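Note that this is a predicted model, so its numbers are computed, not measured. Each chain gets a letter, A, B and so on, in the order the sequences are listed, and its residues count up from 1.
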Amino acid sequence: MSRVIVVTSGKGGVGKTTTSAAFSAGLASKGYKTAVIDFDVGLRNLDLIMGVERRVVYDFVNVINGEATLRQALIKDKRVDNLYILPASQTRDKDALTEEGVENVINDLKDDGFDYIICDSPAGIEKGAFMALYFADEAIIVTNPEVSSVRDSDRILGILQSKSRAAEEGNVVKEHLVITRYSPERVDSGDMISLDDIVEILSVPLLGVIPESGSVLQASNSGIPVIMDKESRAGQAYMDIVGRFLGEKIEHRFLDVEKQGFFKKLFG
Amino acid sequence: MTLTQSVLELKGEMLMLNVLRLYDINIENIESALQLKRDEAPMFFIQSPIVIDCSNLGEQGKLLDLRALRRILVKMDFVPVGLRGIADGMRAAALAAGWNILRTPARPPSKDKKVLAKEKKSSIAKSDIESEKVADNPVEPVTIQKSNMTIERPIRSGQQVYAENADLIVLSQTSAGSEIMADGSIHVYGPLRGRVLAGVKGDTTARIFCRSLEAELIVIAGCYQLLDESDTNLQGKPAMIYLDQDKLIIEPLI
Ligand SMILES: Nc1ncnc2c1ncn2[C@@H]1O[C@H](COP(=O)(O)OP(=O)(O)O)[C@@H](O)[C@H]1O
Ligand SMILES: [Mg+2]
């Protein structure tokens with residue numbers, strides 16, 4: 001049974017695409033056949049972060065318009081088996097995403113035996129974001145520890161549970177909270193909202209916390225999902241998230257200010 | 001007592017108002033459709049104020065016979081209050097036909113939100129306005145028969161829920177930036193954070209009960225209080241709010 005999972009937030013620049021790339025690569029690395037779709041028509045970021053931008057021939061909109069088959073447009077990842085990327089178009093606008101077109105693509109992926117279909121949502125609450133969440137069975141809500149981000153996540157949760165197809169049919173979309181760019185130092189200094197407060201405000205089960213980490217930018221610059229960087233804290237935190245999503249019991253980590261340990265100070 | 005106080009009192013009051021949203025300019029069609037609606041509950045509509053919303057007519061509205069419209073409304077015992085959402089070119093004709101012109105509310109009135117207590121599922125406001133034919137429910141006939149509406153999921157920022165002719169029970173939280181309304185009382189079992197309006201049609205006996213009072217705005221029967229401006233020490237605590245002579249009283253809930 002395929003599951004459709006939207007990665008959404010309302011606000012832009014919070015880490016949706018980073019999370020979509022990491023999460024889909026993580027699921028695939030655990031053996032699940034996974035497709036990740038870039039719904040950010042006009043911006044097209046996912047293929048960059050996943051290092052396949054030079055392999056894009058056809059895109060999501062081409063498939064919707066019948067200008068290419070799904071098979072032609074899907075890019076198979078060279079590093080991770082079972083991972084496929086459906087890039088967004090850079091030249092079209094968001095109206096190119098029709099409900100019928102998106103549904104057909106998702107159904108074709110299901111028929112192709114994909115276990116997980118990850119939908120990387122654009123920011124905002126316009127057409128693209130709406131299309132990304134409309135067919136979702138589950139949602140990963142990406143939030144930064146800032147008031148505006150938390151508020152936008154709350155809004156998108158409302159839309160998710162009232163406007164998605166699941167909601168229209170009287171069902172509930174399963175919610176997961178991922179807090180990214182978490183910086184314990186800045187929470188301690190009062191610049192950012194604490195973990196507990198975010199969970200309390202949104203009342204969504206916490207899937208994981210990704211620390212603010214320079215390795216994210218490094219990874220995306222070199223086109224490798226950060227989850228494949230086993231050394232990086234962000235990469236490890238993403239791997240934990242995948243494990244928890246699949247039902248493993250894994251303690252949350254990287255939540256406290258890192259103690260500048262004696263050895264670390266000595267040997268840096 | 002100051003002079004103004006002895007001469008008059010000016011205060012906001014919630015008034016039940018029918019909004020007639022037009023989708024057609026044909027007077028015969030409007031008349032027969034409205035007649036049907038009115039005949040469903042003739043007593044209810046006698047001398048009830050009515051606002052005509054023309055925003056769906058667009059430029060076409062210029063062709064609407066405003067005198068005839070006024071005439072049929074009066075004939076059916078409505079009290080025409082005014083027009084709103086009119087196209088620019090309609091102003092002069094409207095005034096000439098004796099109509100008042102009202103500001104269009106910044107926020108569409110709750111009626112548009114199609115969240116009616118009688119919807120079986122605990123439904124959450126959809127902000128899109130479905131277009132129906134002429135005379136889209138000029139307010140459901142009220143047979144004050146209270147029921148209740150129970151919502152199990154959180155009410156999020158940007159959402160609006162209205163329990164018409166009913167009490168509203170929310171088992172989860174309401175977020176900052178949400179709005180919950182009921183003609184009756186409201187009970188919230190998670191944190192109450194948004195705007196909360198009980199007794200929307202003027203029931204002064206309506207009350208608000210909550211487990212954690214963190215609301216932005218509290219309203220009962222049109223009397224309102226911003227929580228930030230209140231001197232209550234019950235913020236974040238279980239509370240009951242009721243109206244005593246036009247004054248909102250916030251009391252601890254055991
Ligand atoms: N955990 C993190 N630590 C540091 N930078 C991050 C982290 N997550 C995301 N970023 C950076 O934030 C920016 C926006 O991320 P992106 O995933 O494109 O967000 P979105 O898709 O929500 O717009 C990128 O420059 C990315 O490198
Ligand atoms: Mg993105």
Side-chain angles (χ1 to χ4, degrees), chain A residues 6 8-11 14 99 123-127 129-131 133-134 136 138-139 141-177 193-194 196-206, chain B residues 107-108 110 112-116 118-130 149-163 168 170-181 188-196 210-216 227-228 235-237:
Chain A
V6 61
T8 187
S9 70
K11 198 168 191 286
V14 297
E99 186 178 317
I125 48 176
E126 312 284 306
K127 184 83 182 272
F130 177 64
M131 277 297 126
L133 66 76
Y134 187 67
E138 306 191 28
I141 308 297
V142 180
T143 301
N144 289 167
E146 296 166 15
V147 176
S148 62
S149 173
V150 174
R151 174 67 71 96
D152 284 0
S153 293
D154 194 63
R155 276 196 90 106
I156 209 83
L157 280 159
I159 292 169
L160 185 72
Q161 302 297 8
S162 62
K163 302 244 163 134
S164 60
R165 173 163 295 176
E168 285 173 0
E169 291 172 352
N171 299 318
V172 175
V173 180
K174 187 167 183 197
E175 302 167 345
H176 310 271
L177 180 62
I193 317 179
S194 75
D196 292 344
D197 286 345
I198 300 172
V199 174
E200 150 84 13
I201 292 170
L202 292 177
S203 99
V204 172
L206 181 67
Chain B
R107 184 172 54 76
S110 53
D112 293 346
K113 298 295 181 171
K114 298 258 166 189
V115 176
L116 303 175
K118 47 187 186 32
E119 284 185 8
K120 196 73 203 103
K121 266 189 313 179
S122 55
S123 67
I124 290 206
K126 306 214 163 87
S127 48
D128 44 8
I129 298 154
E130 286 116 55
M149 177 180 189
T150 304
I151 294 195
E152 293 176 17
R153 301 205 39 90
I155 297 167
R156 303 287 182 180
S157 175
Q159 289 188 308
Q160 194 184 41
V161 170
Y162 175 36
L168 176 62
V170 180
L171 300 181
S172 184
Q173 63 174 358
T174 77
S175 295
S178 69
E179 190 168 82
I180 55 173
M181 297 180 285
V188 179
Y189 290 90
L192 169 61
R193 299 202 174 106
R195 299 155 65 98
V196 52
C210 62
R211 291 264 287 264
S212 177
L213 177 62
E214 301 165 40
E216 294 160 350
L227 194 65
D228 283 351
Q235 293 216 17
K237 304 227 162 59

Decide if atom NZ of A/K174 counts as having more than 12 heavy atoms of other residues, nucleotides or ligands within a radius under 6.0 Å. no
Output yes when a side-chain donor or acceptor of B/Q173 lies under 3.5 Å from a complementary backbone atom of A/I201, and no otherwise. yes
To the nearest 0.5 angstrom, please state how far the CD atom of A/E200 sits from the OG atom of B/S212. 7.5 Å
Test item: B/S175 and A/R151 side chains (from C-beta on) under 4.5 Å apart, heavy atoms: no
Surrounding CD of A/E99 (heavy atoms of other residues, nucleotides or ligands, distance under 6.0 Å), is the total greater than 12? yes
Check the surroundings of atom CZ in A/R165: do more than 12 heavy atoms from other residues, nucleotides or ligands lie under 6.0 Å from it? yes
So, for A/D154 and B/R156, which heavy atoms are closest and what is the spacing to 0.1 Å? OD1-NH1, 2.9 Å
